[in-house]
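Structure first, then comments.
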Amino acid sequence: METSAKQTFQAGPSKAVPRQSPEVIDVDLLDDSAQYTEPGSSQHAGKSTFKLAAHSPEVSATSASSIPNARDHIVATRQSLATTTEVSVNPQYPPLDVDPVAYPLDDCPWKTTSAPYSFLAHALATLSGTRSRIAIMNVLTNALRTVIKFHPASLRSTLYLLSNTLSPPYSTVELGLGPSVLSKAIQDVSGLTASTLRRLYNSTGDPGDVAFEAKSTVRTLIPHPPLLITGVYDAMLKIANSKGTGAAKSKQAVVQKLLVAAKGEEVRYLVRTLSQNLRVGAVRTSILSALARAMVLTPPSTLELSSDSPFYVSSDQLSGIKPIAASPKKKSVDRARDDLHEKFLCAEAMVKKAYVLHPNYDHIADALVEAGLGGLPERLPLTVGVPLLPTLGSPARSLEEVYGLLGSQAFTAEFKYDGQRAQIHASRRSSGSNVVKIFSRHLEDMTDKASLQPLLSYPDVVSLVDDMLSNYERVDSFILDAEIVAVDPADGSLRSFQELSNRARRDVKLDDVKVTVSVFAFDLMYLNGDILLEKPFRLRRTLLRTVLPSWTPERMSAARLHHVQSCESSEGRESVEQFWQEAVNSRSEGLMIKLLDSGEVNENSREGKSRRKPLPATYEPDKRTAAWLKLKKDYVSGLGDSLDLVPIGAWHGNGRKAQWWSPILLAVWDPHAGKLVAVCKCMSGFSDAFYKELREKYPEDSDTCSRQPQGLYDILTGGLKPEVYFKPQEVWEIRGADVTVSPVSVAALGLVSAARGLSLRFPRFIKVREDKKIENASTPEFLANVYHSQQGKGEHGGGVDDGDLVDVDVDESEVEEQYESD
DNA sequence: GTTGGCTGCCC
DNA sequence: ATTCTGC
DNA sequence: GCAGAATGGGCAGCCAAC
C-alpha cells in the first residue's frame, strides 16, 4: 500500500506553493475504497505531521520576497483552477449576501432531498469574503431560511456545523482529533509530502487552505455522491465516538473518506471544521440572531401562524418593503421595513434568551420547527441540571475607575479567588437520589459520575451538596454560582491555582481526593422553584447567605462551603481601599465589584462629559457589564509582575496573522552563564502595525532571522523550540499575572526547582524598552525572586516585606544590585 | 510496562 | 485567560 | 461597545510508539 502512494510532489527546493497547473497524481490510490474504509491499515506509519516535518535546507529559496503576498497567490491559484477542475462542477447557488427581502426562495436550490454540504460550504465561503456585519447577518439568515424551508430536518446539523460544535457544551461529546491526524489524512489524500504541506501551511496559516490547495492537485476519476449536511455532521460524531486502541486510525479513515468525497470549497471548510477553527466571522451570537430572523421571514410550513403574531411577517408585508437604496443620500421612510426590524429585534431577544438559559441547539431546532418562536420559553426553560450561561465581569483598571463608573451607588467588593468557576445545581428527590451537577465556566459537566472526559471532577463537592440538601430544611433545589479553590486542609488558607489543577479528573472516589477544596459561593440564580435572575443582586445575596449558610463537614479533607469575603461600599471609600490592599497582599487575583441595586453607569465620553445609562443589578447570563467589574492586580500598573525580556525567536502566525511572526519567544538574560534563556511565548498586546514592523525588522532567512540561532549570544530554549530565531538586539517590557513553575521552560532552572524552570502566566507585550540593552534585561534571579514573593502571599497577609520585588518600576540601580548580590 | 505526543480543558 | 480590530 | 479572532501557561488523561 505504501509504495502505491506515488508522491509526485517532492519536497521541492524552490516551490513554496504548487504550480498553477496542477500535476496529476496517482488517483487509483484515492479511488480504492479499501484505502479509507479499513482502519487497521498501517499505511501511515512513518509519515510526519506538519509540525514534525523535517525542513529541507533549500527552503531558504522560499523567501518572503519571492511571494510578496502568499494570500493573493492562493486566491489567484484558486481562480485559475475554478474554470478547469471539479470546482465548476459544484451546483451554482444564488448569492446569499443579499438583503433577505430580495432573496429568492421559490425554488429549491439543490436537487438532493436532504440539504447538501456544498450549500453550507457556499454560505461559509461567502461569509469568509466579507467583514461587514450586515452582510454576515444576511448570509446566515438566508442560508438558514433555505434550510428551514426546503429541509428542516437538516436544521440541527446546520446549526452545529455553523457554530463548529458537536453537541451542547454540557454533554461529553468531543472530537478528539487534532492537527496530527488531520495532516496525515491530507497527506494521504493529496499525495503531497509533509514538508510541502508544511510550507503551504506557513504561507497560508490555515489548514483548510492547505487542504484546498492540496486537493486541487488531485483529480478524482470516479464521481462521489454529494456530501450532505447531515452526513458531514454524522461523520463528525463518528469521529468523536471512536475511542480506545486504533482510535486515531479510524478517525483518520473517516476524515479521508470525507476529504475524498469533498469538492472545491467543501474541502476548505470541511478541514476548518475538523480543525475546530472555522474563522468565518460568525459564531454563536450571530448564528442565534440569524436563526431568529430566519424564523421571522420563513417560518416552517408546518406551523400555524396567526396573522397578528409579534414575530412573523406575511408575504404581503414582505413585498411591501422597498429595496435598500443604493445611494445612501437620505433614508427614505419605509414603515414596512421598520416593522420588520422591530420583529427581528423581538425574535432575536427570544432566541438568545432561550439559548442562554438552556444552551442546546437540538432543543432550539426542534422547538422552532415544532412550535415556532412562541414555543421557545416553554420548551427551553431554566432547568435544574442544565447550565445557564454565566454572568461575566468587565475589567477595571483602578478603584478610581470603579468609582467613576458607579459613583455613589451601593456596591460590594468581593475577593476574586484564584480557582475554578463552578455553577452548582441541586434538587432534592424524595426517592433519595438527589440531582447534583457541577458545571465549569464554559458549561462543561464536572460532576464526577456523569463525566466521561478528563475534567476536574469533584466527588467531594457533590458530597458537600448532598450534605446541604439533607441539612438545610428550607432548601429543595437551587442553582448557585461559586469559585472552587484549593485550600490547606488544616487551616483553610488559600492555595494556588496550580495546586487545584493537580487534582485527578476522572473516576475520582471521595477517599482518593488529594487536594482539599473550598466552595466560595457568590450568587444564587434559582431557589426552590423560583427563578431569581430578575431579582437585584442584594436580594439574591441575602437569600444565598441566609438559606445556604457556610457548612463545614466533619471530615477534615471534605469540601467546605463559604461565602466570598467582601467589603461594602457603605463602609466608606477608605475601607474599600483597605480591602483592596488586603486582596493585593493575599493569594487572590484582586476584587470583583458588584452593583447591589439596579441603577446607572456613568459613561465617560471625552472632555468630562458623562452620560448615564441604566445598569441592572440582575443576573445577566453571558453579559459583560459594569454591574460586575473585575479589578485584578495585574491590570493595575505598578502591581503586576513586569519583566524586561529579549525577543529571540518566533513561529509563523495563523489566520489573520499568517503574514506575521506570532507568537514571539522571549528570554531572560543570564549574566553568569552569558546566555539568553527562553521563558515564554507571547502573542498578546501587539498592534497590527507592530507586527508589520517586526516582520520588516526580522525578515525570514535574513541576518536577523533564520532557522538557526545567530549573533553574539548563546541561546538556551529548553522545551520552547521556535520555528525561526531572531538575532537578539532589543528588550521588551512584558507583563504577566504570575510566575509559574514550568515543565518546558529552563529559565531559572535550579533556583526554585532542580528539574523545572520558570515561566509567566498570561504574558502580554507592554512596550519596547528603548532604554535597555540585552545586558539590562531581567535575570533568572529576578524571575525566581518574583516567584518567591508570590509564595509568601498566603491567607495571612505576608509578602508585604518582599513586595518590592514585584514592582514594575524597579529602580535601575536596584535591578543592578540584584545582579551583584547573587 | 513506560514514555511522550496529542488533546481538550482550566485559568 | 488577554488583547486588538472592524463594524 | 460588541463580536470575533489569535493565541498565552499548564494540567491530567488518553493513546501510540518504544
Side-chain angles (χ1 to χ4, degrees), chain A residues 44-46 49 51-52 130-137 169 172 174-182 205 243-249 251 276-286 289 392 394-395 418-422 440-442 444 446 451-457 483-484 496-508 589 603 613 623-626 630 632 634-635 651 653-658 660 662-664 666 679-691 720 734-745 756 758-766:
Chain A
H44 317 300
T49 66
K51 252 188 184 163
L52 300 174
T130 182
R131 299 183 79 161
S132 150
R133 302 307 309 169
I134 291 167
I136 286 170
M137 283 306 297
T172 58
E174 48 176 73
L175 206 54
L177 177 96
S180 165
V181 167
L182 201 48
K243 291 182 182 98
T245 305
K249 285 262 163 59
K251 282 172 200 270
Q276 297 176 93
N277 189 5
L278 204 47
R279 286 191 26 240
V280 293
V283 289
R284 198 191 65 227
T285 325
S286 302
S289 288
L392 308 168
S394 22
D418 193 5
Q420 180 175 14
R421 183 97 177 248
S440 73
R441 193 203 111 111
H442 291 291
E444 302 284 336
M446 303 190 293
S451 176
L452 295 171
Q453 310 134 284
L455 286 180
L456 282 180
S457 67
E483 189 81 4
I484 295 177
S496 71
F497 174 77
Q498 233 169 340
E499 281 185 73
L500 181 70
S501 353
N502 281 329
R503 278 176 64 118
R505 303 177 188 196
R506 190 167 169 170
D507 291 334
V508 186
E589 289 189 286
E603 282 188 340
K613 268 177 54 177
K623 292 238 166 75
R624 240 179 243 288
T625 71
K630 52 176 174 180
K632 291 176 62 163
D634 76 287
Y635 297 158
W651 286 259
N654 286 314
R656 63 177 294 275
K657 296 186 181 175
W660 304 328
S662 178
I664 314 289
L666 300 162
V679 176
C680 66
K681 298 185 263 188
C682 183
M683 48 68 55
S684 196
F686 304 110
S687 68
D688 287 7
F690 189 85
Y691 278 120
L720 296 158
I734 304 292
R735 183 184 293 249
D738 286 303
V739 173
T740 54
V741 179
S742 168
V744 291
S745 165
R756 310 173 102 195
L758 297 179
S759 192
L760 208 57
R761 175 147 81 142
F762 309 144
R764 62 260 196 203
F765 170 80
I766 303 298

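Source: prediction; values computed, not measured. Within every chain, numbering begins at 1; the chains are lettered A, B, ... in the order of the sequence lines, protein sequences first and strands thereafter.
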Quiz item: Which distance, rounded to the nearest 0.5 Å, do you find between the CD1 of A:Ile766 and the CD1 of A:Ile734?
Solution: 7.5 Å
Quiz prompt | A:Leu392 CG to B:dC11 P, straight-line distance once rounded to whole Å | solution = 11 Å
Quiz item: Quick one: are A:Asp634 and A:Arg764 in side-chain contact, heavy atoms under 4.5 Å?
Solution: yes
Exercise. Determine the contact category for A:Leu175: base if any of its heavy atoms lies under 4.0 Å from a base atom, sugar-phosphate if only primed atoms, P, OP1 or OP2 are that close, otherwise nothing.
Key: sugar-phosphate
Exercise. Name the nucleic acid region contacted by A:Gln276, choosing base, sugar-phosphate or nothing; use a 4.0 angstrom heavy-atom cut-off, strictly under.
Key: sugar-phosphate
Self-check item: Phosphate OP1/OP2 of D:dC15: any A:Lys251 side-chain N/O under 4.0 Å
Solution: no
Quiz prompt | Sugar-phosphate only, base, or nothing, as touched by A:Lys623 at under 4.0 Å among non-hydrogen atoms | solution = nothing
Quiz item: Is the phosphate of D:dG9, meaning OP1 or OP2, less than 4.0 Å from a side-chain N or O of A:Gln498?
Solution: no
Quiz item: Can you name the residues that form a ring-ring contact (aromatic ring centres under 6.0 Å, His included) with A:Phe686, not counting sequence neighbours?
Solution: A:Phe690, A:Tyr691, A:Trp732, A:Phe765
Quiz item: Is the phosphate of D:dG10, meaning OP1 or OP2, less than 4.0 Å from a side-chain N or O of A:Thr740?
Solution: yes
Self-check item: N/O donor-acceptor pair under 3.5 Å between A:Ser742 side chain and A:Val744 backbone
Solution: yes
Quiz item: With a non-hydrogen cut-off below 4.0 angstrom, is A:Leu177 in contact with a base, only sugar-phosphate, or nothing?
Solution: sugar-phosphate
Quiz prompt | Set of ring-ring contact (aromatic ring centres under 6.0 Å, His included) partners for A:Trp651, sequence neighbours left out | solution = none
Quiz item: Starting at CD of A:Glu499 and ending at P of D:dA12, how long is that distance when rounded to a whole Å?
Solution: 12 Å
Quiz item: Of the nucleotides D:dG10, C:dT5, B:dG8, which one has an atom closest to the side chain of A:Glu174?
Solution: B:dG8
Quiz prompt | Given D:dC11, B:dC11, C:dC4, the nucleotide with the shortest approach to the side chain of A:Asn502 | solution = D:dC11
Quiz prompt | Main-chain N/O of A:Gly736 paired with A:Arg761 side-chain donor or acceptor, under 3.5 Å | solution = no
Practice problem: Round to the nearest Å and state the distance from A:Leu758 atom CG to D:dG9 atom P. | Solution: 14 Å
Exercise. Provide the distance between the two C1' atoms, one in B:dG8 and one in C:dA1, to the nearest whole Å.
Key: 15 Å
Practice problem: Specify the residue among A:Leu720 and A:Gly244 whose closest nucleotide of DNA chain D lies further upstream toward the 5′ end. | Solution: A:Leu720
Quiz item: When every nucleotide of nucleotides 3-8 of chain D is labelled 5' to 3' by its protein contacts under 4.0 Å (heavy atoms), B for base, S for sugar-phosphate only, - for none, what sequence of letters results?
Solution: SSSBBB
Self-check item: Earlier contact from the 5' end, DNA chain D, for A:Ser745 and A:Ala247
Solution: A:Ser745
Exercise. Using a heavy-atom cut-off of under 4.0 Å over every strand shown, decide if A:Phe686 touches base, sugar-phosphate, or nothing.
Key: sugar-phosphate
Quiz item: Is the backbone of A:Leu175 close enough, under 3.5 Å, to the side chain of A:Lys251 for a donor and an acceptor to pair up by distance?
Solution: yes
Practice problem: Would you indicate, yes or no, if C:dT2 has its OP1 or OP2 atom less than 4.0 angstrom from a side-chain nitrogen or oxygen of A:Lys632? | Solution: yes
Quiz item: How far does CG of A:Asp507 sit from OG of A:Ser457, to the nearest 0.5 angstrom?
Solution: 7.5 Å
Quiz item: Between atom CZ in A:Arg131 and atom P in C:dC7, what is the gap in whole Å?
Solution: 6 Å
Quiz item: Has the side chain of A:Arg505 got a donor or acceptor that lies under 3.5 Å from a partner of the other kind on the base of D:dC11?
Solution: yes
Quiz item: C:dT2 phosphate, OP1 or OP2: any side-chain N/O from A:Tyr635 under 4.0 angstrom?
Solution: yes
Quiz item: Do any N or O atoms from the side chain of A:Gln498 and from the backbone of A:Val741 form a donor-acceptor pair under 3.5 angstrom?
Solution: yes
Quiz prompt | Rounded distance (Å) that lies between atom P of D:dC15 and atom NZ of A:Lys243 | solution = 9 Å
Quiz prompt | Sugar-phosphate, base or nothing in reach of A:Pro743, heavy atoms under 4.0 Å | solution = sugar-phosphate
Quiz item: How many Å lie between CH2 on A:Trp660 and P on C:dC4, as a whole number?
Solution: 13 Å
Quiz prompt | Value in whole Å for how far the P atom of B:dC10 lies from CE of A:Met446 | solution = 8 Å
